[in-house]
Amino acid sequence: MTTADEQNTRLMEAFIEKALPKLVEALAPHVEGQIAGLKDNATKLLDEVKDHRRASAEKDELLDQMRQVLEAVGKPSPTMPQTFTPPAAKKPIQLTREQARDPAIYRAAKAQAEKAGVPLQIVREG
């Protein structure tokens with residue numbers, strides 16, 4: 001290298017040494033702003049994942065409870081009264097088509113079915 005090249009190299013290194021802190025200081029707010037946006041987005045996504053997992057756990061718990069209830073239906077237990085009739089064992093109230101056409105009979109049968117907690121069925125005659 002020639003002395004001119006060496007002198008240019010030293011001048012360039014001195015310039016970079018003095019300019020670098022000022023460049024970092026000038027760029028810091030922009031970089032921090034971008035990083036803050038990324039951090040906010042990451043936090044939001046993590047919160048959504050946690051909410052989804054929480055909701056999924058609640059659904060699983062409700063499904064387990066529902067399974068237990070369905071398994072218990074029809075199985076007598078010491079706490080269940082002896083007169084208990086499982087819902088599946090209750091017979092629906094049935095009307096023929098001709099009976100269902102009479103508004104008074106239909107209303108009475110519907111009220112009776114609602115009171116008993118059973119469905120009202122319209123069946124074919126014969």
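Every value quoted in this text rests on a predicted model; they were computed, and no experiment measured them.
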Side chain to side chain contact (heavy atoms under 4.5 Å, CB included) between Arg10 and Glu6: does it pass, once the steps are laid out? CA-CA 6 Å; Arg10 276 184 268 140; Glu6 291 174 359; 3.8 Å; yes
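- The structure places CG of Leu27 at 10.0 Å from CD of Gln34, a figure rounded to the nearest 0.5 Å.
- At least one donor-acceptor pair closer than 3.5 Å links the side chain of Thr9 to the backbone N or O of Asp5.
- Checked for salt-bridge contact, Asp47 and Lys44 miss the test: no charged N lies under 4.0 Å from a carboxylate O.
- Residues Lys59 and Leu62 form no side-chain contact, since every pair of their non-hydrogen atoms from C-beta on lies 4.5 Å or further apart.
- By the 4.5 Å heavy-atom criterion applied to side chains, Arg53 and Val49 are counted as neighbours.
- Within the model, atoms CD of Glu114 and CD1 of Ile93 stand 10.0 Å from one another, a figure rounded to the nearest 0.5 Å.
- Atom CD of residue Glu98 and atom CD1 of residue Ile105 lie 8.5 Å apart, to the nearest 0.5 angstrom.
- The CG atom of Asp51 lies 11.0 Å from the CG atom of Leu46; values are rounded to the nearest 0.5 Å.
- Looking at residues two or more places apart in sequence or on another chain, you find no side chain to side chain donor-acceptor pair (under 3.5 Å) involving Gln112.
- The side-chain heavy atoms of Ile16 and Met12, taken from C-beta on, include a pair separated by under 4.5 Å.
- Distance check, rounded to the nearest 0.5 Å: CG of Asp40 to CG of Leu45 gives 11.0 Å.
- You'll find the side chain of Val123 stays beyond 4.5 Å of the side chain of Leu95, heavy atoms only.
- Residues Val118 and Lys91 have side chains not in contact (no heavy-atom distance under 4.5 Å, counting atoms from C-beta outward).
- Atom CD of Glu48 sits in a crowded spot, with more than 12 heavy atoms from other residues, nucleotides or ligands closer than 6.0 Å.
- Applying the 6.0 Å contact sphere to CD of Gln65 captures more than 12 heavy atoms from other residues, nucleotides or ligands.
- Residues Leu20 and Phe15 form no side-chain contact, since every pair of their non-hydrogen atoms from C-beta on lies 4.5 Å or further apart.
- Gln99 and Gln94 make their closest contact through OE1-O, 4.4 Å (heavy atoms, listed as atom of the first residue, atom of the second, distance).
- Within a 6.0 Å sphere centred on CD of Gln7, other residues, nucleotides and ligands contribute 12 heavy atoms or fewer.
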